[in-house]
Every structure is written in structure tokens, then in C-alpha cells.
Amino acid sequence: MTSLMTNPGPGPTARAGRREWAALGVLMLPLLLVSMDISVLYFAIPSIAADLRPGATEQLWILDMYGFVLAGLLITMGALGDRVGRRRLLLGGAALFGLASVAAAYAHSPGTLIAARALLGVAGACLMPSTLALIRTLFHDPAQRAKAVTLWTAVMASGISFGPVVSGALLEHFWWGAVFLLNLPAMALLLVLGPLLLPESQGATGGGRFDLLSALLSLAALLPLIHGIKELAQHGWAPVPALGVTTGVVLACVFVRRQARLAHPMVDLGLVRTRAYGGSVLVNLLAMVATVGFAVFLTQYLQSVLGQSPFEAALWSLVPTGGVLVAAPVAAALARRVDRAYVMGGGFLAAAGGFAWLAGVDRATPLWVVLVGGGVYAAGLVSAMTLANELALGAAPPERAGSAAAVLESGQELGGALGMAVLGSVGAAVYSAAMPPSAPAAARETLGGALGFPGPVLDVARSAFVEAMGGAAVAASVLTLVAAGVSVALLRGVRA
């Protein structure tokens with residue numbers, strides 16, 4: 001039998017068999033863990049703080065370093081995979097992810113843990129675009145590729161939700177380093193099975209010179225841009241994060257200008273300008289704005305308003321994913337019979353309805369009502385994202401699959417940061433307006449600040465937060481209505 005390493009692959013209409021589906025299962029391992037590592041420290045931070053004694057700034061970097069490095073290097077690693085081979089980059093990323101996990105688990109100082117988290121971000125940036133790009137190589141039949149991308153999207157979305165649950169369960173029996181050692185068996189399995197099941201693939205740009213300046217520009221643009229947006233969302237306007245956002249935008253413009261002049265650019269601007277790909281990236285970004293922006297309110301509602309423990313809140317937050325697991329495959333099947341633009345628009349309309357449902361929540365609303373609304377909006381958003389991912393991947397030529405996947409994922413990271421900024425600002429404004437002027441200054445700023453004032457002040461703050469969540473839900477509903485219109489306007493009649 002000819003090895004998959006040298007086999008050029010099936011014809012355009014060839015259907016994947018058991019080997020390809022088994023390979024897809026192998027690809028889901030790193031994807032699940034990379035997405036889990038974004039949120040896996042939520043429960044571990046108190047134990048880490050007690051053991052390593054990090055300062056306030058160091059603690060923030062322990063939490064954020066992974067996500068920032070991951071977002072900043074996605075485009076670079078996607079383009080690198082197109083040149084050196086996506087399987088090679090995937091396996092290299094798996095080895096680095098395992099080594100960095102061991103370094104993080106046994107870190108003896110805050111600086112060491114921050115450095116290990118940065119290495120995990122580098123490894124994650126190798127893994128994420130490679131998994132999506134290899135799906136483009138494994139599945140040539142559009143219907144099978146749609147199923148594979150549906151699974152990819154569901155695993156990615158579920159991983160972020162599972163992170164706190166898994167870490168909470170581990171910390172009941174083990175020390176905080178166990179949340180990192182969980183990565184080792186999966187990465188070892190990937191390193192063993194990957195060479196056997198995954199084909200090597202690289203694009204026609206493999207002979208092109210890798211442009212180091214473009215890589216540095218992409219990192220220098222995305223890091224301050226995403227970090228600045230998140231800082232503005234969390235702490236309000238300040239000169240330093242505002243300067244970071246401005247610097248990121250300027251450097252992004254320089255990066256785009258350079259790509260237009262290169263013979264072998266990291267980002268194919270011609271592809272980005274197409275409706276199938278560029279429209280899908282935009283729709284995905286809008287979906288992430290609503291998803292991440294509102295998730296912050298729902299998590300705080302469960303913990304600070306209903307008084308649930310973090311682990312209990314994490315378990316309840318998994319309930320809406322049930323709707324996702326049902327809706328995403330249904331949407332993918334429906335898109336084979338109906339113009340996918342209308343199916344995506346329908347997903348956004350369903351999400352708008354879920355957000356509108358949550359806009360009516362008050363202190364007396366039963367929890368099941370909130371969970372139903374969360375399930376409806378999550379199902380609609382993930383369905384739309386699944387179809388957008390599949391269309392973008394199908395629109396990209398196989399030789400550009402890595403960089404195309406990376407740009408798509410970078411858009412999602414930027415959308416998440418924008419969601420925290422936009423919906424967070426709306427919620428903060430409503431909360432401040434609902435708090436009486438006589439309340440303590442800390443309580444008027446955030447619900448977290450009001451937790452130190454039990455009694456009437458805290459009760460009023462909880463009511464104000466529910467109003468704020470309703471305001472954010474209204475904003476998210478309007479946003480998803482706009483996204484529905486954008487989906488239909490840009491993607492109607494478009495095929496990969």
C-alpha cells in the first residue's frame with residue numbers, strides 16, 4: 001500500500017474512508033486541549049497564588065499570556081505550515097505543547113510559569129491552524145468536509161466550556177500542576193498516531209521564502225491590538241491600552257500593505273477579498289463578538305447573583321452546549337439543500353431570539369429559563385459559525401489551507417476581544433446607571449466591588465447587574481440581527 005506521506009491524495013470527488021475519519025479523531029485531541037487551556041486555570045489560580053505568591057500583575061499574565069501569544073502567532077504558524085508541511089508543524093507543536101506542559105506543572109516561580117504559558121501559546125498556534133488545514137487535505141467531498149468542520153467547531157467551542165469543569169474536578173484530588181499534566185497523554189497519542197494516519201501536505205508556496213518581517217509585523221500588530229481591547233473592556237479608557245490599540249491598527253495596515261507587494265505573501269489578499277472567504281471571516285468575527293461578549297455576563301450571573309460556586313457554575317454553563325450538539329449537525333445537513341446563507345441567517349435570527357429571551361430576565365427568573373435562552377443563542381451562533389468555517393475552508397485553495405485557517409482563527413480571537421469591549425461597555429453603562437449615587441464607589445463600578453458590602457448594597461448591586469445583563473442581551477440581539485443581514489447579503493448564492 002502506498003504511504004499517505006507520498007500519496008498525492010484522492011481526487012476531488014473521492015470520499016474519505018475509515019482511515020481519514022480515524023485521522024480526524026486524532027486531530028480533535030490537540031484541538032480540545034488547546035481550547036481548554038484558554039480557561040483551564042480559572043479554578044487553579046487560587047492554588048497557584050498560594051504556592052507561587054505572584055503579584056497582581058504576574059497573576060494577570062499567568063492567565064492571559066497563553067491567549068495573547070496564541071492569537072499573535074496564528075497567522076505566522078499557518079503560513080509556516082503551508083511551507084514546511086502541516087503535519088510536520090502539528091507534530092512539532094504537539095511535542096512543544098507536551099514539554100511546555102511539564103514546565104508549567106513544575107514551575108517554581110511566577111516568571112517560570114509565565115514563560116511556560118508563553119511556550120504553550122507558541123505550541124497552540126502551531127496546532128490550531130494545522131488541524132483545520134489538514135481537514136481540507138483529508139476530506140475532498142464537500143458533504144464529508146462539512147461534517148468534519150462541524151465536529152471541529154463543536155470541539156473548539158466545547159473545549160473552552162470544559163476547561164473550568166476539568167480543572168475543578170482535578171483540583172479536588174491533585175495539586176494545581178495536574179491541570180497541565182492532563183495534556184501529556186493526548187499529545188503522546190498524537191505523536192504516535194499522527195505519522196501513521198495523517199498525510200503530509202504543504203502548498204505550492206513551499207518553495208517560497210518565508211518572510212520574517214511579515215511574521216514580526218503580524219505579531220506586533222495583533223498582540224497590542226487584542227491586549228489593548230481587552231484592557232479597555234476590563235478597566236475602562238486609559239492612555240496605554242488606547243495607544244496599544246492604535247499601534248496595532250497602524251502595524252496591521254503596514255502588514256497588509258506588505259502582503260500586497262510580496263510574491264509569496266503570508267495572507268492571500270485576493271482570497272480575503274472574495275465573498276466566500278472574506279464574507280465568512282466577517283460573519284465568524286461577528287458571531288464571536290456575541291458569543292464571548294455575553295459569556296462573561298452569564299458566568300458572573302451564575303456565581304455572583306445566584307451564589308453558585310465556580311465549579312457549580314461551570315457545570316451549569318455546560319447545559320446550553322446540548323443545544324449546540326444538536327443544532328450544528330442539523331444546520332450542516334440543511335445547508336446541503338438550502339442556500340447556506342439563509343441557514344446562517346436563520347442561525348443568527350435564532351441567536352437574536354435567545355438573547356431577546358434573556359433580556360427579560362430578572363431576579364425572580366428560574367434558572368431553567370436562563371439556560372433555555374442560553375441554549376437557543378448558543379445553538380444559533382455555533383450553527384452559523386460552523387457553516388462559515390466550512391465555506392471559508394472550501395473557498396481556500398489546498399495550497400493555502402494553513403494560512404486561510406489561521407486568518408479565520410485570528411478573526412475569531414479579535415471578535416472575542418471586541419465582544420468583551422462592546423458588550424462589556426454596554427453592560428457597565430447600564431449597571432452604573434442602575435446603581436444609586438449613595439452606594440459606595442466600588443459597588444457603583446462593578447458587582448465584584450459590591451461583594452464586599454453585604455446586605456442592602458449587595459442586593460441592589462445584584463439587581464443592577466441583572467439589568468446590565470439584560471442591556472448586554474439587547475445589544476447582542478441587535479448585533480446578531482445585523483449579522484443575519486450580513487450573512488444573506490454577502491453569502492447568498494456563494495459556493496466554495
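Counting begins at 1 with the first residue of the sequence.
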**Message:** For the backbone of Ala79 and the side chain of Asp82, can you confirm whether one donor and one acceptor N or O come within less than 3.5 Å of each other?
**Reply:** no

**Asked** Under the 3.5 angstrom rule, does the side chain of Arg117 hit a backbone N or O of Ile62 as a donor-acceptor pair?
**Response** yes

**Message:** Treating Arg86 as the side-chain partner and Ala133 as the backbone partner, does any N or O pair qualify as donor plus acceptor under 3.5 Å?
**Reply:** no

**Prompt:** Are Ser214 and Phe255 side-chain neighbours, meaning at least one heavy-atom pair lies under 4.5 Å?
**Reply:** yes

**Prompt:** Are the side chain of Glu467 and the backbone N or O of Ala434 linked by a donor-acceptor pair below 3.5 Å?
**Reply:** no

**Request:** Can you sort out the partners of Asp459 under side-chain hydrogen bond (donor to acceptor under 3.5 Å, both in side chains), two or more places apart, ordered by chain and number?
**Result:** Arg363

**Request:** Mark yes when over 12 heavy atoms from residues, nucleotides or ligands other than Trp316 sit less than 6.0 Å from its CH2; otherwise mark no.
**Result:** no

**Asked** Is the closest side-chain donor-acceptor distance between Asp362 and Thr365 under 3.5 Å?
**Response** yes

**Item:** Any donor-acceptor N/O pair, Tyr377 side chain to Ala290 backbone, under 3.5 Å
**Value:** no

**Exercise: identify the closest heavy-atom pair between Val370 and Leu358** = O-CD2, 3.5 Å

**Between Phe465 and Tyr301, ring centroids under 6.0 Å** = no

**Prompt:** Is there a side-chain contact (heavy atoms from CB on, under 4.5 Å) between Val149 and Leu393 once you walk through the steps?
**Reply:** CA-CA 9 Å; Val149 173; Leu393 194 63; 3.8 Å; yes

**Item:** Criterion side-chain contact (heavy atoms from CB on, under 4.5 Å) on Leu391 and Tyr277, from CA distance to verdict
**Value:** CA-CA 7 Å; Leu391 180 59; Tyr277 182 78; over 6 Å; no

**Request:** Determine the minimum heavy-atom distance between Ser304 and Leu447, stating which atoms define it.
**Result:** CB-CD2, 3.4 Å

**Prompt:** Are the side chain of Trp152 and the backbone N or O of Asn389 linked by a donor-acceptor pair below 3.5 Å?
**Reply:** no

**Message:** Has Arg145 got a side-chain atom pairing as donor or acceptor with Glu390's backbone, closer than 3.5 angstrom?
**Reply:** no

**Prompt:** Do the side chain of Asp339 and the main chain of Gly493 share a donor and acceptor less than 3.5 angstrom apart?
**Reply:** yes

**Asked** Does Thr131 reach the main-chain N or O of Met128 with its side chain, forming a donor-acceptor pair under 3.5 Å?
**Response** yes

**Request:** Would you check if the side chain of Thr247 reaches a backbone N or O of Leu243 as a donor-acceptor pair within less than 3.5 Å?
**Result:** yes

**Request:** Sort and list the pairs that fulfil salt bridge (Lys or Arg N to Asp or Glu O under 4.0 Å) and have at least one residue in residues 414-431, not counting sequence neighbours.
**Result:** none

**Item:** From OG (Ser101) to CG (Leu119), nearest 0.5 Å
**Value:** 10.0 Å

**Asked** Does the side chain of Ile229 reach to within under 4.5 Å of the side chain of Leu414, using non-hydrogen atoms?
**Response** yes

**Request:** Only counting residues at least two apart or in another chain, list the ones meeting side chain to side chain contact (heavy atoms under 4.5 Å, CB included) with Pro329.
**Result:** Thr150

**Message:** If you apply the rule side-chain contact (heavy atoms from CB on, under 4.5 Å), what do you find for Leu490 with Met344, and how did you get there?
**Reply:** CA-CA 11 Å; Leu490 290 182; Met344 292 168 67; over 6 Å; no

**Item:** Heavy-atom pair of closest approach, residues Ala379 and Ala327
**Value:** CB-CB, 3.6 Å

